[in-house]
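On a predicted model such as this, the values are computed, not experimentally measured, just so you know. Only heavy atoms go into these numbers, but all of them, side chains included; no hydrogens, no water, no symmetry mates. Both counts, for ligands and for their atoms, begin at 1 and track the order of listing.
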Amino acid sequence: MKKRLLSGIQPSGTIHIGNYFGAIKQFVDFQDQYDSSIFIADLHAITTVQNKSTLSSNILSVAMDYLACGLDPKKVCLFKQSDIPEVAELAWYFNCITTMPYLERATAYKDAGMKAKEVNVGLFDYPILMSADILIQDADVVPVGSDQKQHIEYARDTAIKFNNIYGETFKLPEPVIMKEVAIVPGTDGRKMSKSYGNIIPLFGTDEQIRKAVMSIVTDSKSPSEPKNPEECNIFALHKLFLKGEELENLKKRYKDGGLGYKESKDMLYEEIVSFIKPMRENREYYEKNIDEVKSILKEGGEKAKNNINAKMQLIRNNVGVNL
Ligand code: ADP
Ligand code: TRP
């Protein structure tokens, strides 16, 4: 029996190379090894996206991104979260055993809370909905970027709490975090994020990618000066695309001096564009065959719902609402 893997991404904006290296690449690499379910976290996205056409088009866009990056619907159950309304039901059971101070400790809430005075209840409850996603599927492993690690701990804590109150119901999921790409920096050097406006879009046009690469922030050293590659935002991104000798050569050119930031950016642009070329071609196929994308999601949704039926009965039995 293969272990069960579950993960998802919110359809809350344009997918970027941080999402690819931090999350989607692992989903693809693991699809043979695990019994995988990958979903589009549309219920989570509603905490921030409250426009009908934007949400619908974002959902389809993430579905196409997944498929273009190499997720194979024959191997992976691909679905959208809202096709399993039981997730919201389970989140409610969890809400009733979760305290406010415990949720106030979530770092994502603290960040959002500091910026906006009035945070919506959905955003506050985000870790509990995510716990429901994970625990309803009996996931063994959850591959995510390191920023999501705390959320997996919420899922584990919530499972323990529920099991203590209602009896053994859930197993404890493990996070899987790829160390070397744990945080992909954005063009400003902070974590690349849809919400910071510092992304390099995974499926941008050549022009959009060039513009993003050229905007990467550097210090003001002249081309001839020696540079420390480990302090350079451009170099941090080269590391994702160059391996072994190629990377060593570049490192040497940084240290020796003579390599300007403009040249380094031009090289990075070429690396990105040639890396994504085959995926871009896949995506063009799905853009032209959107009905196929919709039917993949529909089938995945039905399968995912089937997978959780027995679990949901057990949960309702244990809570006491099944007579
Ligand atoms: P964003 O911050 O852009 O909104 P999400 O929170 O939707 O991204 O993250 C989707 C997935 O991609 C998560 O597993 C997350 O950990 C991963 N991820 C997001 N940004 C990065 C990054 N800069 N580096 C590595 N992984 C990332
Ligand atoms: N919070 C995750 C993100 O922002 C998305 C997500 C929702 C998720 N539910 C999940 C990831 C369950 C893994 C498992 O990327």
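In this structure, E302 pairs ionically with K298, as a charged nitrogen and a carboxylate oxygen lie closer than 4.0 Å. Note on D206 versus R210: no salt bridge recorded, every NZ/NE/NH1/NH2 to OD/OE distance being 4.0 Å or above.
Between K194 and ligand 1, a contact under 3.5 Å exists for at least one N or O pair. Residue Y126 has at least one nitrogen or oxygen atom sitting less than 3.5 Å from a nitrogen or oxygen atom of ligand 2, judged on distance alone. Considering backbone and side-chain atoms together, D133 places an N or O closer than 3.5 Å to an N or O of ligand 2.
Atoms of ligand 1 lying under 4.0 Å from any heavy atom of I183, numbered from 1 in the order shown and given with element: 24 (N). Contact atoms of ligand 2 toward H44: 7 (C), 9 (N) (distance under 4.0 Å to a heavy atom of the residue). Listed by atom number, the atoms of ligand 1 under 4.0 Å from G22 heavy atoms are 25 (C), 26 (N). Near I134, meaning under 4.0 Å from any of its heavy atoms, are these atoms of ligand 2: 12 (C), 14 (C). In summary, the atoms of ligand 2 found under 4.0 Å from a heavy atom of A41, numbered by their order in the structure, are 7 (C). Interface atoms of ligand 1 facing V144, defined by a heavy-atom separation under 4.0 Å, are 14 (O).
Ranked by closest heavy atom to atom 14 (C) of ligand 2, the top entry among V87, L43, V142 is V142. Compare A41, G18, G186, P185 by their heavy atoms: the one nearest to atom 27 (C) of ligand 1 is in G18. Considering only non-hydrogen atoms, atom 21 (C) of ligand 1 lies nearest to K191 out of H151, K191, Q26. When the options V184, L240, T48, I17 are ranked by their closest heavy atom to atom 22 (C) of ligand 1, first place goes to V184. Counting heavy atoms only, H16 comes closest to atom 3 (O) of ligand 1 of the residues H16, Q148, M192. Nearest-residue assignment for atom 17 (C) of ligand 1 (options I15, N19, T14; heavy-atom criterion): N19.
More than 12 non-hydrogen atoms from other residues, nucleotides or ligands lie less than 6.0 angstrom from CD of E263. A 6.0 Å sphere centred on NZ of K252 holds no more than 12 heavy atoms belonging to other residues, nucleotides or ligands. By the neighbour-count criterion of 12 heavy atoms within 6.0 Å, atom NZ of K277 is sparsely surrounded, having that number or fewer from other residues, nucleotides or ligands.
Each of I199, I200, V217 was compared with T187 under the side chain to side chain contact (heavy atoms under 4.5 Å, CB included) criterion, and only I200 meets it.
In this structure, the side chains of W92 and D125 stay at 4.5 Å or more apart for every pair of heavy atoms.
Among protein heavy atoms, the minimum distance from atom 5 (C) of ligand 2 is reached at G8 O, 3.5 Å. Among all protein heavy atoms, the one lying closest to atom 2 (C) of ligand 2 is Q148 OE1, 3.4 Å.
At a heavy-atom cutoff of 4.0 Å, ligand 1 is contacted by the side chain of A23 but not by its backbone. The part of D147 lying near ligand 1 is the side chain, judged by heavy-atom distances below 4.0 Å.
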Should F39 and F27 be marked as a ring pair (Phe, Tyr, Trp, His ring centres under 6.0 Å) after you check the CA-CA gap, both sets of side-chain angles, and the distance that decides it?
CA-CA 11 Å; F39 69 101; F27 306 167; 9.3 Å; no
Check step by step if side chain to side chain donor-acceptor pair (under 3.5 Å) holds for D133 and Q81.
CA-CA 8 Å; D133 290 326; Q81 189 183 24; 2.9 Å; yes
For the pair F21 and F241, evaluate ring pair (Phe, Tyr, Trp, His ring centres under 6.0 Å) and give the outcome as yes or no after the intermediate values.
CA-CA 10 Å; F21 286 101; F241 300 96; 5.4 Å; yes
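Counting all heavy atoms, side chain and backbone alike, M279 lies closest to C69 at SD-CA, 3.7 Å.
Figure legend: K211 and Y269 shown without cation-pi pairing, the cationic atom not lying both under 6.0 angstrom from the six-membered ring centre and within 45 degrees of its axis.
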